[in-house]
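One-based numbering, in listed order, for ligands and for the atoms of each. We use all heavy atoms of the structure for the numbers below, so side chains are in, but hydrogens, waters and symmetry mates are not.
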Amino acid sequence: MTQQPCIYLDNSATTPLSSAAKAAMLEAMEQYGNPSSLHTMGQEAETLLRRAREQVLAALGVRPRQGGTLIFTSCGTEATSLALFGCAYAKERRTARHILITDSEHPSVTKAAERLEADGFSVIKISTKGGGLDLAQLDDFLANGPDLLMASLMLVNNETGARYEVEEAFRRIKARYPEAVTHCDAVQGFLKIPFTVSSLGADLITVSGHKLHAPKGVGALYVSPELIKKKKIIPFLVGGGQENGWRSGTENVIGIAAFGGAAADIHGRRKAIEEHLKELYAYAEEQLAPLELRINRPIRHVSHILHLTLPHIKSETALHFLSSKGIYVSSGSACSAHSRKTSSVLLAYGLTEQEADCSLRISFSEYTKKEDIDALAEALAEALHRLVRIK
Ligand code: PLP
């Protein structure tokens with residue numbers, strides 16, 4: 001059997017494990033104690049959790065005595081559920097029932113918001129047409145809208161690679177509603193673009209391990225000291241009181257240790273990785289420019305996600321063609337791929353239904369090489385020549 005090349009360009013879906021993550025996992029595998037046990041083995045496992053917490057907090061720019069809590073969860077989705085439900089239900093005493101999100105959030109936010117809507121909260125969506133947060137629309141809401149309970153705005157869009165101006169939005173929201181809670185889904189931005197807890201200005205930040213070379217099944221929610229002091233959030237998973245009572249359930253020590261190891265590794269080399277990704281984006285634009293396709297470049301964009309539309313060739317057809325050549329890309333986010341519906345995120349961006357259905361997401365990591373992009377460009381040229389076009 002001939003060996004297929006493996007050109008993995010779907011790093012926004014998930015990433016390969018880094019050697020730092022593997023080393024941390026191997027170490028944690030040897031220490032199988034339960035971190036809640038009082039004996040030495042338990043304490044050793046607890047030490048691994050403490051180290052990972054410090055590593056992820058450091059990567060978020062939190063200094064040791066700055067305060068702020070990091071709650072490990074089973075994934076980014078759970079961290080966001082904790083943020084949204086934890087704040088909405090902590091606030092039942094308050095009159096504010098409005099929740100602000102963008103019109104292109106990940107389903108972990110939109111589905112939670114839908115559930116809150118069914119529970120009597122009201123959800124307002126800010127436009128992200130062209131890949132930019134509509135700050136005029138936000139201002140209009142802030143000037144005329146009712147009291148705000150919470151705003152949940154994503155940092156980087158997982159489908160288009162748009163980088164939203166959430167810092168400015170959070171600043172304006174806090175100026176108008178100082179008591180409103182701000183949450184940022186930073187899953188696609190953490191350790192890919194520079195930001196810190198302070199620069200972002202969000203009370204709550206969701207991050208996920210498997211987007212940065214740790215294994216699947218581990219995420220975290222950063223919670224500001226003020227939110228805890230003012231009791232604006234309550235736990236979502238209750239039980240044995242792990243994670244200082246914030247997230248019950250025996251911790252995934254191996255996954256958490258790997259998350260810490262991976263985060264520390266990237267944090268130490270962040271600038272070089274950012275430069276590499278920038279170079280790759282520019283190179284991909286150059287290589288794809290002669291082809292009959294359109295690169296959808298958001299107003300502000302990140303370097304690790306490149307979104308393109310093919311002329312009348314269904315995303316799935318192109319994806320399977322590329323896959324047959326050992327080149328792995330995405331037709332949308334990994335989650336919306338399950339639904340087979342036209343991506344509402346791409347429609348919100350401004351694509352027509354047909355353009356959205358003929359789009360591909362290419363996403364890079366530090367392991368991506370220019371030769372991978374050469375192979376992609378060559379395969380796409382062949383696809384454009386050979387594949388059947390829809391009317
Ligand atoms: N938010 C964004 C923007 C994402 O891209 C993803 C995953 O694709 C998530 C949240 C969910 O993270 P997890 O897969 O860890 O639940």
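- Residue contacts with ligand 1 include Lys211, since one of its heavy atoms falls under 4.0 Å from the ligand.
- Between Arg270 and Glu275 there is no salt bridge, since none of the side-chain N atoms of the basic residue sits less than 4.0 Å from a carboxylate O of the acidic one.
- The distance from ligand 1 to the heavy atoms of Ser208 drops below 4.0 Å at these ligand atoms: 13 (P), 15 (O).
- Between the side chains of Asp357 and Thr342, a donor-acceptor pair is found at a separation under 3.5 Å.
- Looking at residues two or more places apart in sequence or on another chain, you find a side-chain contact (heavy atoms from CB on, under 4.5 Å) between Ala264 and Gln55.
- Within ligand 1, the atoms closer than 4.0 Å to a non-hydrogen atom of Ser108 are 10 (C), numbered from 1 in the order shown.
- The ligand atoms of ligand 1 that sit less than 4.0 angstrom from a heavy atom of Met154 are 3 (C).
- At distances below 3.5 Å, at least one donor-acceptor pair connects side-chain atoms of Asn144 with backbone N or O atoms of Asp140.
- Remark: ligand 1 atoms within the under-4.0 Å shell around heavy atoms of His210 are 13 (P), 14 (O), 15 (O).
- A donor and an acceptor atom, one from each side chain of Gln188 and His106, are nowhere located under 3.5 Å apart.
- Counting atoms of ligand 1 from 1 in the listed order, those under 4.0 Å from a heavy atom of Gln188 are 3 (C), 4 (C), 5 (O).
- Under the 4.0 Å criterion applied to side-chain N and carboxylate O atoms, Asp139 and Arg172 are assigned as salt-bridge partners.
- The proximity of Thr77 to ligand 1, defined as any non-hydrogen pair under 4.0 Å, involves the side chain as well as the backbone.
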